Each structure stands twice: as C-alpha cells, then as structure tokens.
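These notes are about the structure you will find just below.
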Amino acid sequence: MSKDLQVGVAARPVNHLAIIMDGNGRWATNRGWARLVGHRKGAERVREIVRAAPDLGIRWLTLYAFSTENWKRSTEEVLGLMAIFARYIEREADRLAKAGVRMRFIGDRSRLDPKLQRMMAGIEARTAGLDRLNLTVAINYGGRDEIVRAVRKIAEAAAQGILDPRHVTEAAFAERLDTGGLPDPDLVIRTSGETRTSNFLPWQAAYAEYEFTETLWPDFGPEELAAIVQRFSNRERRFGGVSR
C-alpha cells in the first residue's frame, strides 16, 4: 500500500466494511471450469482481503458467504460450498488466531450440518479474546429472515412479560439481530457488476455508503480494496443532516 493511500484512509477510515462476494461461479465458467473451482479461488481471496484489512484501518469486516436463497442451487454446489466453509475454518484457525483476528458467524445455523456448526462454534470460542480485526461471516443469512427472527424474540419477550412493548426502541431491536453488539457498516462493496443489495444487512446498512465494482470476487485484490477505501475517505457523510 502506498503512503498516499495510508494518509487518505487515516483521514476518514472505514471502521466496518461489508462485502457481498459475488462472481465466483462466473469466474470459473468463463474459463471453462466447474463453478466450485471459482468458489475455492474465492476462499483464497478471502485470506488476502482479511490480511490486508487492518493495514487499511478496517477493524470490522463482514463477508456475505451463503444466503438463505443459495439453497436453490444444485445439491452438488451447495455441498461443495459447505465443504469449502469447513475447510476454511479448519485451515485458517491457527493463522487467524496468530494474526489477532476474531471470527464470528451470523445467519440461521439450524439448517447447517451439525459438524459444521461445531466447527463454527469452536473457532468463535478460540478467537473470542482477539481484536486486531473482527471478521464476521454470513452463512445461511438473509436480512428479512434475520429481521423476522428478531421480531419473534421481541414478541416472545413481550408475551412473557419480560419486555414492555412501549420500551421497544431501535436499540432494543438491533440488540436482537444477529449482529447485536457489532457496529453498523460504513461501506458495503459488491463485486461482479451486479447492483443489488441481495437481502444483505438491510437494517444495519441503512446509512452505509455503497460501491459496486465490475471485478469478479476471485480477481478482487488488496489494491482495488485500497482504492475503494481511498474514495470512501473523500465522501461526505451527512446522515440526513446538512453540511456546513
């Protein structure tokens, strides 16, 4: 990273970056390869971005790995993706811990294989005390599903007399989301040229800046990330107010 980029990032850092990692399948099919080859390449790219994030001033990184809608894909692709997730956790556990990376998962885990669930819980426990980078991976995640589950928690608490409906605030609702305790994202990046948010963090990203890039995820490297972070540092964020 250049000195100029470091200065720009310091002026207005991206505290929390969220990424919709799109384009793995197309990257592979464009080369005549099976889609899973692209997903494996995408997992390698995750390693590079995780390594680069702290040097760009990013303290929170949230990655959209598998949505609630992705179950519609072929059984072969879904099983392959789950195997890639398990392999990533197994292979990266030591590296993440040594690098001071805390790892969390968001999404509905109930549909995932019990072994994968145990692996997820294990790496969360192992890295719980680390804070150089807070890495959150969304697996079987959907924003609407997350909101419905949060509403259900509030309704159950109200029915049990634990929560007075008059005390349901935005903060009380946010605490019951999967991301409870995490800061809202400052910047959301989507790769592959698509310009949809695809049900990703709809509540949390209400005031996030967005950047859409044509680059397919397996080709998205630290240099392009640094350039996007630099552009973010020049944006004016008013949050509904008026600049002076």
Side-chain angles (χ1 to χ4, degrees), residues 1-2 4-6 8-9 13-14 16-67 69-70 72-74 76-89 91-92 95-96 99 101 103 133 135-139 141 185-201 205 208-235:
M1 188 194 327
S2 71
D4 289 341
L5 278 177
Q6 290 178 329
V9 171
V14 177
H16 185 176
L17 170 66
I19 305 178
I20 302 172
M21 306 179 295
D22 194 20
N24 291 332
R26 270 174 285 167
W27 183 90
T29 55
N30 288 346
R31 291 162 172 75
W33 299 334
R35 289 175 59 85
L36 282 175
V37 175
H39 292 305
R40 285 193 288 270
K41 184 66 175 180
E44 294 175 9
R45 187 60 70 184
V46 168
R47 183 185 301 123
E48 293 184 22
I49 297 302
V50 168
R51 187 184 303 120
D55 291 335
L56 291 167
I58 297 165
R59 295 194 61 245
W60 302 80
L61 176 63
T62 300
L63 304 176
Y64 202 8
F66 190 89
S67 76
E69 290 74 32
N70 287 156
K72 300 174 185 177
R73 299 185 179 186
S74 70
E76 179 185 8
E77 185 170 357
V78 170
L79 291 177
L81 280 166
M82 295 303 164
I84 290 171
F85 297 151
R87 192 176 304 116
Y88 180 87
I89 294 171
R91 292 183 176 178
E92 295 298 309
R95 184 180 288 110
L96 292 174
V101 177
M103 192 170 189
L133 176 69
L135 172 63
T136 302
V137 178
I139 298 181
Y141 173 87
D186 303 295
L187 173 65
V188 179
I189 298 173
R190 179 167 187 157
T191 59
S192 87
E194 302 293 347
T195 54
R196 301 182 301 275
T197 61
S198 293
N199 203 16
F200 183 49
L201 304 177
E209 299 288 324
Y210 277 82
E211 181 96 22
F212 300 98
T213 174
E214 296 287 336
T215 306
L216 302 178
W217 174 249
D219 292 326
F220 185 83
E223 289 186 1
E224 183 170 0
L225 174 59
I228 291 174
V229 169
Q230 171 69 10
R231 286 198 292 273
F232 172 87
S233 72
N234 296 323
R235 294 188 184 188

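Quantities reported herein were computed from a predicted structural model and do not represent experimental measurements. No hydrogens, no waters, no symmetry mates; every other heavy atom, side chains included, goes into these values.
Heavy atoms only, all atoms of each residue included: R45 and P218 are closest at NH2-O, 2.7 Å.
For E76, there are no salt bridge (Lys or Arg N to Asp or Glu O under 4.0 Å) partners at least two apart in sequence or on another chain. Remark: R47 pairs with E44, R51, E92, R95 by the side-chain contact (heavy atoms from CB on, under 4.5 Å) rule, at least two apart or across chains. With sequence neighbours left out, the salt bridge (Lys or Arg N to Asp or Glu O under 4.0 Å) criterion links R59 to no other residue. In this view, R35 and E77 satisfy the salt bridge (Lys or Arg N to Asp or Glu O under 4.0 Å) rule, not counting sequence neighbours. Qualifying side-chain hydrogen bond (donor to acceptor under 3.5 Å, both in side chains) partners for Y64, counting only residues two or more places apart in sequence or in other chains: none. When the side-chain contact (heavy atoms from CB on, under 4.5 Å) test is applied to F212, the partners found at least two apart in sequence or on another chain are R190, T195, Y210.
Between the side chain of D219 and the backbone N or O of L216 there is no donor-acceptor pair closer than 3.5 Å.
Inter-residue side-chain proximity for D186 and E209 is flagged as unmet; no heavy-atom pair is nearer than 4.5 Å. Inter-residue side-chain proximity for L225 and L56 is flagged as met; some heavy-atom pair is nearer than 4.5 Å.
Here CG of L187 is found 5.5 Å from CG of L17. Values are rounded to the nearest 0.5 Å.
Partner of L61 under the side-chain contact (heavy atoms from CB on, under 4.5 Å) criterion, chosen from I49, V46, V14: I49.
With 3.5 Å as the limit, one finds a donor-acceptor pair spanning the side chains of T213 and E224.
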